[in-house]
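As structure tokens, the structure follows; a few thoughts come after it.
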Amino acid sequence: MFTDEEIIHRILDGEDYLYEALIRKYNQRLYRISRSIVHDEDEVEDIMQTAYLNAYLNLAGFKGKSTFATWLTKILINESLLHKKRQSKRSQVSLEKLDSNYNYETPLSSLMNSELKAVLEESIAKLPEKYRLVFVMRELEDMSTNETMDALDLTESNVKVRLNRAKEMLRDVLSGHYKSSDVYDFHLSRCDKIVNRVMAEISSAIDIRDHKRD
DNA sequence: CCGCTAGAAACATGGGGCAG
DNA sequence: CTGCCCCATGTTTCTAGCGG
């Protein structure tokens, strides 16, 4: 097993195909996080694709100031927010779109009552974006407070209080306890789809780059 | 025992709405 | 317009628990 940093070194040394391993590793995380900003699945796919591509093209600029995971997450969040901003400019109607998009599939079998899961997903989706983002990153993706604050450019205390308030809001809706591990699951076919697309984009990007070099 | 982290509570601030 | 209140948000501070 190689660390991300080792893989990146090898990619920069010419082993471009290794980028696929990184994509597969972080697909689930990026999907959930982007999905907590943008509701439409297809749009999330596009955003992830763009984020992976941007990350790849700027890989040489990654200096290891934070971890690769955080760096990549940051790129994704920026891309997601950018997309959302563009979209809200085009059409002001976003509210009615919210409800129709909650019913996406969560393929893995779970111990959780499906009705409860649906309620939980809906409740999460209804959280204000800042709370939802922190909640998804901390609770669903198991990111540390430090990772989360780096990715979102927040203070430590702010991450803590947002997480607690998110939970508080969810508690108001959900009586009793909840199990969050299988919310926002990432469908495997979707994973392959994105991997293939990004690797295709990368190979053409490499062609262009090599062309320019000549 | 020490250091780190999470969480809860108290406190501070800033904006929006509203009566006068 | 002004003063006031309420609400959302962020910071500070304290406590508890966990592992080295």
Side-chain angles (χ1 to χ4, degrees), chain A residues 1-6 25-26 28-40 44 47 62-102 106 110-113 116-186:
Chain A
M1 230 6 209
F2 297 101
T3 67
D4 289 354
E5 282 66 28
E6 285 167 340
K25 183 173 177 184
Y26 290 108
Q28 163 91 31
R29 174 196 277 201
L30 296 202
Y31 177 78
R32 279 172 158 165
I33 292 174
S34 184
R35 189 63 196 280
S36 69
I37 300 173
V38 176
H39 290 285
D40 186 277
V44 166
I47 290 165
F62 169 66
K63 299 293 185 221
K65 200 178 164 205
S66 61
T67 63
F68 173 73
T70 303
W71 184 73
L72 178 62
T73 302
K74 216 165 174 171
I75 291 174
L76 175 89
I77 290 171
N78 288 336
E79 199 60 45
S80 302
L81 293 174
L82 198 67
H83 176 90
K84 196 182 176 184
K85 203 193 274 180
R86 286 202 206 101
Q87 196 185 39
S88 67
K89 236 177 218 174
R90 241 179 286 131
S91 65
Q92 300 291 359
V93 274
S94 54
L95 277 184
E96 124 277 344
K97 217 181 166 191
L98 279 174
D99 281 14
S100 61
N101 279 314
Y102 286 147
T106 48
S110 91
L111 299 172
M112 194 182 196
N113 177 306
L116 176 58
K117 188 162 73 180
V119 172
L120 178 56
E121 286 175 354
E122 190 181 327
S123 307
I124 293 173
K126 278 181 180 160
L127 291 174
E129 181 174 287
K130 50 183 67 170
Y131 296 111
R132 186 172 58 242
L133 253 180
V134 171
F135 181 84
V136 169
M137 291 167 80
R138 292 284 284 105
E139 291 296 306
L140 304 190
E141 282 308 309
D142 273 334
M143 291 170 67
S144 69
T145 302
N146 264 323
E147 278 181 295
T148 308
M149 62 182 261
D150 283 345
L152 295 177
D153 281 326
L154 296 172
T155 63
E156 182 186 351
S157 62
N158 205 354
V159 171
K160 287 183 185 176
V161 83
R162 282 190 189 184
L163 175 63
N164 282 326
R165 283 172 184 162
K167 287 179 180 174
E168 200 179 316
M169 291 177 210
L170 290 175
R171 251 180 258 127
D172 287 344
V173 185
L174 307 162
S175 55
H177 60 89
Y178 57 89
K179 183 175 176 299
S180 60
S181 58
D182 52 1
V183 178
Y184 280 122
D185 265 316
F186 187 75

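Please read all numbers here as calculations on a predicted model, not as lab measurements. Each chain gets a letter, A, B and so on, in the order its sequence line appears, and its residues count up from 1.
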Tabulated below should be each protein N or O lying under 3.5 Å from an N or O of nucleotides 4-6 of chain B; please produce it.
| from | atom 1 | to | atom 2 | distance (Å) |
| --- | --- | --- | --- | --- |
| B:dA6 | OP1 | A:Arg138 | NH2 | 3.0 |
| B:dA6 | OP1 | A:Thr145 | OG1 | 2.8 |
| B:dA6 | OP2 | A:Thr145 | OG1 | 2.5 |
| B:dA6 | N7 | A:Lys160 | NZ | 3.0 |

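Within the 4.0 Å cut-off from OP1 or OP2 of C:dA8, not a single side-chain nitrogen or oxygen of A:Tyr131 is found. The phosphate of C:dT11 (OP1 or OP2) has a side-chain N or O of A:Thr155 nearer than 4.0 angstrom. Close to C:dT11, at under 4.0 Å from its OP1 or OP2, lies a side-chain N or O of A:Asn158.
Residue A:Arg165 places no side-chain atom within donor-acceptor reach of the base of B:dG7, judged by atom type and a 3.5 Å distance cut-off alone.
With sequence neighbours excluded, no residue forms a side chain to side chain donor-acceptor pair (under 3.5 Å) with A:Arg165.
At least one side-chain heavy atom of A:Lys84 sits less than 4.5 Å from a side-chain heavy atom of A:Glu129.
The distance from atom CG of A:Leu127 to atom C1' of C:dT9 is 15 Å, rounded to the nearest whole Å. Put simply, CG on A:Leu152 is 15 Å from C1' on C:dG10, counting in whole angstrom units. Remark: C1' of C:dA8 and CG of A:Asn164 are 16 Å apart, rounded to the nearest angstrom.
At least one donor-acceptor pair closer than 3.5 Å links the side chain of A:Arg32 to the backbone N or O of A:Leu140. Looking only at distances, no side-chain donor or acceptor of A:Arg162 sits under 3.5 Å from a matching main-chain atom of A:Tyr131. A:Arg35 contributes a side-chain N or O that, together with a main-chain N or O of A:His39, makes up a donor-acceptor pair within less than 3.5 Å.
Among the protein residues, A:Arg162 comes within range of the sugar-phosphate backbone only, with heavy atoms under 4.0 Å from sugar or phosphate atoms but none that close to a base.
Between A:Trp71 and A:Phe62, the ring-plane angle classifies as tilted under the 30° and 60° cut-offs.
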